[in-house]
Structure formats: C-alpha cells, structure tokens
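Within every chain, numbering begins at 1; the chains are lettered A, B, ... in the order of the sequence lines, protein sequences first and strands thereafter. Note that the structure is predicted; figures quoted are calculated from it, not measured.
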There are 2 protein chains.
Amino acid sequence: MADRIPKYVEIAQDLRAQIEDGTLPPAAQLPTEKELVEHWGVSANTIKKAVNELRQQGLVETVPQKGSFVAEPTAPFVITLNHTDLGEENPPGRGFGGGEGRAFTAEAERQNHAAHSSKPEVKVEDAEEPQMRALGIAPVAPGQPRPQVVRRSQQRFVDGKPNSLQHSYFKLELAIQAQALLKSADIEEGTVAYLQSCGHVQTGYEDVFDARQPTEEELRFFGLSRGSLAVIEHRRTAYDQHGEPFRLTVTIYKPGTNRIRFIAGEVPVEVWERGS
Amino acid sequence: MADRIPKYVEIAQDLRAQIEDGTLPPAAQLPTEKELVEHWGVSANTIKKAVNELRQQGLVETVPQKGSFVAEPTAPFVITLNHTDLGEENPPGRGFGGGEGRAFTAEAERQNHAAHSSKPEVKVEDAEEPQMRALGIAPVAPGQPRPQVVRRSQQRFVDGKPNSLQHSYFKLELAIQAQALLKSADIEEGTVAYLQSCGHVQTGYEDVFDARQPTEEELRFFGLSRGSLAVIEHRRTAYDQHGEPFRLTVTIYKPGTNRIRFIAGEVPVEVWERGS
DNA sequence: GAGTGGTCTAGACCACCGG
DNA sequence: CGGTGGTCTAGACCACTCG
C-alpha cells in the first residue's frame, strides 16, 4: 500500500496544498530553501527536488538568485486558430488565420488583454532540415551548400508579459518577389493579404502541434529556469493556389498561460467570447 | 563568454551527440550510471541530472531497476483532427471527427500502423469543475451534492505501445436517453452517429490544447518515470443543433511519438498521406 | 556583506531486477 | 546474488542580487 511516497514528493504536495488553499497566495515568495531545510529537517537537495516538482507543474517560478514565487493565477490567454477563415464568410471578430500577425492583437483585445509584438527581426539563413521539408525544398547532401531561407521572428507579449515567439520562414525566391518580407517592419495589411497581392493566395494549411523542452533562447525569453515546464510548438504550413507550400510559421507558447483553441462548425457565440 | 556550462549539461550534450550520430543506436542501453561516473570522474548525482535532461528531452527512457535506454526513433503517429467533417463532403479516408473513436484506428491504418483500443470503462462519478463548465452544468456551492456525469475511458495503443488515453464525459440525463453510453462496449456505428440517432446532431466543436505534467495514472500507462516529458492534453467540447454542449472528450497524448495535426482548406494530397 | 538559488561531491541505504 | 537506478545526507563552493 501507499507505495512509499518519497519525501520530496510529500514536501511538494504540502507546498502545493498551501498554494491551493491560499496560505501561499499568488506572487508570494516561497519559504527559502534554507527555511524549508530547517522546517522539514531534510537536506538541501531534497528541498530542491521538491521545488523542482512544483516548477514542472507550473505552480511556481524560480528566479535564480532571488527566490521561488507562486505563479500568477493563469488567467489563460486563448489563441483561437479558427477554421472558418479560408474565403468562407468570416463572422465578425474572427480574422484570417487567427493567432498570426495582427490577428494576434485583435484576439487579445476581444479578451480584454493588451498585446503587442516586437518589430520583426529578419534574417537570411541556411535552411535546416525541418524548414526545408515544410517548404518543399529538396534535401541536399551533407557538406553541400544549403539553400537559404528568410526568417521573420517576433516576440509577442500579453499584458506586458512574454507570451509567445513566432518565426515565419519563406523561400528566398519568394522574398525577392515580395520584398516587404525582407523589411524589418510590420506588414500593414497582414502577411497573408500582402502575399495574396503578390500572387500567392493562401488556400489551405496544415497545423501540427507538439510539446517539447524549451531551448535556451526560449528559456531566456519566457524568464524560466531550466527544468520547468514544456512549451507548446505550433507549426503551420500554408499552401497557395497551386498547392505549393509557401510559408512555414512556427509559434512557441508558454503553457499554463496559454490555451490553443480551434473552433469548427456552429458553436454558441459565448464560446467565442469567453477567454478560457 | 560561454556562460559557464554546468557539467551535467555537458555530459547530457555528449550523450545526445552519441545518440544522434548512432554511436548509441535506438533501444541501446546507455552506459550505467556507475560507468558514467567513472568515465567522467564526477559524482553520481551529477550523472543522474545529466540523464534526467535527456529524459525530459524525450531521447531516453529509464526503466527503474534495469537501466536507461535510447528512445525508439520517434516514427511519429499523426493524429489528424480534421476540420472538413461537419456535414460537408468528406474526402475519402477522412472520417468524422478524426482522432476520436473508430476514426482513430482508421487513421492509423492509413499510416500503416496497427492500432487498437481497450474496451471502454464506464463510470458514473461526481462531476468536477472543468467537466461541469464544459458541459454547461451550473456550478454548485461547495458542500452541496455534485451533479453526476458518465465517463467513458479508453486506453489506445499503436503498434502495441501505449499511445493515448481518452475520456469522454456526458451528462447523466443524456446517458439515460442514450443508453449505449452506459455499456462497456464499443458503439458500433461510432459515438457521434449514435448520438445523432438519439437526437443530438454534432454541429460544431471547440478544441482546446494544453501541455502539462502527467498524472500518476498517466505515468503508469505510458510507462514513464517521474520527471520525464510533458503530455499534450486535447479537450473537445461538442455542440448539438441547439447549441448545447453534450459531450466533452479529453485525450492525453504522449508527445514525441505523437503529432497533432489539423488541416484546413486545400492542401496537396501527399500532405494528407504522409505520416509526419 | 548577507542572502539567495545552482552546482557538485562522496558517501549511504533501499527496492527491485536478473541470473 | 550482484547490478541497477531512486532517494537522501551533510557538507562545499560559486554567482548573482540587493540593500
């Protein structure tokens, strides 16, 4: 019976209970590791493992030389990646390809959140395997020069806090045709509309999701420390009227504060409106 | 410069490199912790942290009293939760509400995987908050008796290996009308079709995704040890012709071996066919 | 300079697995 | 039985933050 609960799990459960019943309110600092060591009469490593559990559960965020703090109550920001956006009629407030570009800020406003994005950073770089696959670029032998792609990257914030990272990849030839892609500035009319005016109508897309450990860059941006939660990765490959892939957009979300949502068919309007 | 890489990260990177270049092929056992301790001249805890990194990255699976093994090359099984399934014409092979029920096995076959599901386990239980919210059941004060719901749970396997867990929730009144929901047996014609024959036509749904740490039950089912990767949770709330929510299906996927996919509009047929 | 968490060591005991 | 990983201890030093 009971399966021998390790001490660090027990400690984590106790702290969790304190967080859930409000003894440790949101944003409060946890007892320091030293205090916990004394309180429980265990060694420092055991406490670290306990706190680590909570970090992985998203209940606690640790700032390395300051302390561990109860995570803000996840008033989740919902990204609606809606379906009904491919030339069919668009219900009011449901922009094209939700979650991308300017649709992101519109979505946030509907949910009474303030959102902003950094200026796009544009880089021309050697294509990596997954990007090549998605954009339909033939693989090259190792050692051969790799084809180049344009990457447009943005950092996105909600209520001033880091929310997601977005990288869009385009073939270099396309960017030469559609030069606004090379400028480090928002595309006023939206990327999808702009590319349409350049002859690439987005007629379909494929969305793929996965969860994975954050990279170092993502850890820094989200202000997380190692060993905390996984991020959600969303890859959207967009196809034009010739059935050719012409854009790959990769968005990385910090979970807990984000929900990814799709809506299909008829649902009550309250579902659209509600933010969680 | 270089930001002081901890030793355990360095060791993890070395092992990772060995996995990626094939020195440690899939399913091979890693050097034991003792061997790694000797090889690197570090203490056991440092090795454990290194291996833990790899576990969280999904590169390694540890079986407690046997050893750590290189994870099988993620030949990812792609669950296509397609859009074009709401009464519009269905392209061949794209069943209704992909990823659910029998559509799951059909999807697997298209990708040349063998899939099977356990017999549904049916339970009548007190509704929890999130289930009530989704099914549109009014909240009750704490202490009051909670309304009851029917839960149908299935374990799903691909190529004999645990793939996902699925729980569908229904209001008890609905299950009384539609009694097949109470039987611990597959519903031959599919749940959606069956409920349609009971007067609930699925006219829309909302999908929400999140990533989180696995529960104890999920750890056991997936054969993971604590501190390994996050799982992907997919919640689908289905609405009927009156705009009432009548079903909540929660599916938990082991990441790495699963990709969740949506397709909208026109994409080349190869995209439908390919398994990654 | 005091306080924080991050890394690391060199031991220990345990539970479980296999032959 | 020997070998494995899981837990745990009681120290240590470091880097960073803050007053």
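When the C1' atom of D/dG19 is taken as reference, atom NZ of A/Lys66 falls 13 Å away, rounded to whole Å. Put simply, CD1 on B/Ile5 is 15 Å from P on D/dA15, counting in whole angstrom units. Going from atom CG of A/Leu30 over to atom P of C/dT4 covers 13 Å, rounded to whole Å. For the pair B/Ile11 CD1 and C/dC8 C1', the computed distance is 11 Å after rounding to whole Å.
In the displayed structure, B/His39 atom NE2 is contacted under 6.0 Å by at most 12 heavy atoms of other residues, nucleotides or ligands. For B/Glu129, the CD atom sits in a packed shell: over 12 heavy atoms of surrounding residues, nucleotides or ligands are nearer than 6.0 Å. More than 12 heavy atoms of other residues, nucleotides or ligands shown are found within 6.0 angstrom of CD on B/Gln29.
Using a 4.0 Å cut-off on heavy atoms, the residues of residues 32-49 of chain A that approach DNA chain C are A/Thr32, A/Glu33, A/Asn45, A/Lys48, listed by number.
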Pair A/Ser118-A/Gln154, side chain to side chain donor-acceptor pair (under 3.5 Å): steps then yes or no: CA-CA 6 Å; A/Ser118 68; A/Gln154 278 185 297; 5.4 Å; no

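The phosphate of D/dT7 (OP1 or OP2) has no side-chain N or O of A/Lys7 nearer than 4.0 angstrom. OP1 or OP2 of C/dT7 lies within a sub-4.0 Å distance of a side-chain N or O belonging to B/Tyr8.
Distance from the side chain of B/Gln65 is smallest for C/dA15 among the nucleotides C/dG6, D/dT7, C/dA15.
With B/Arg146 contributing its side chain and B/Ala127 its backbone, the two residues share a donor-acceptor pair below 3.5 Å.
Checked against A/Asp207 for a salt bridge (Lys or Arg N to Asp or Glu O under 4.0 Å), the options A/Arg235, A/Arg236, A/Arg261 give a single hit: A/Arg236.
Note that OG1 of A/Thr62 and CZ of A/Phe69 are 8.5 Å apart. Values are rounded to the nearest 0.5 Å. Interatomic distance, A/Lys7 NZ to A/Ser43 OG, rounded to the nearest 0.5 Å: 8.5 Å.
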DNA chain C base-pair string [pairs: Watson-Crick or G-U under 3.5 Å; |: paired with another strand]: ||||||||||||||||.|.

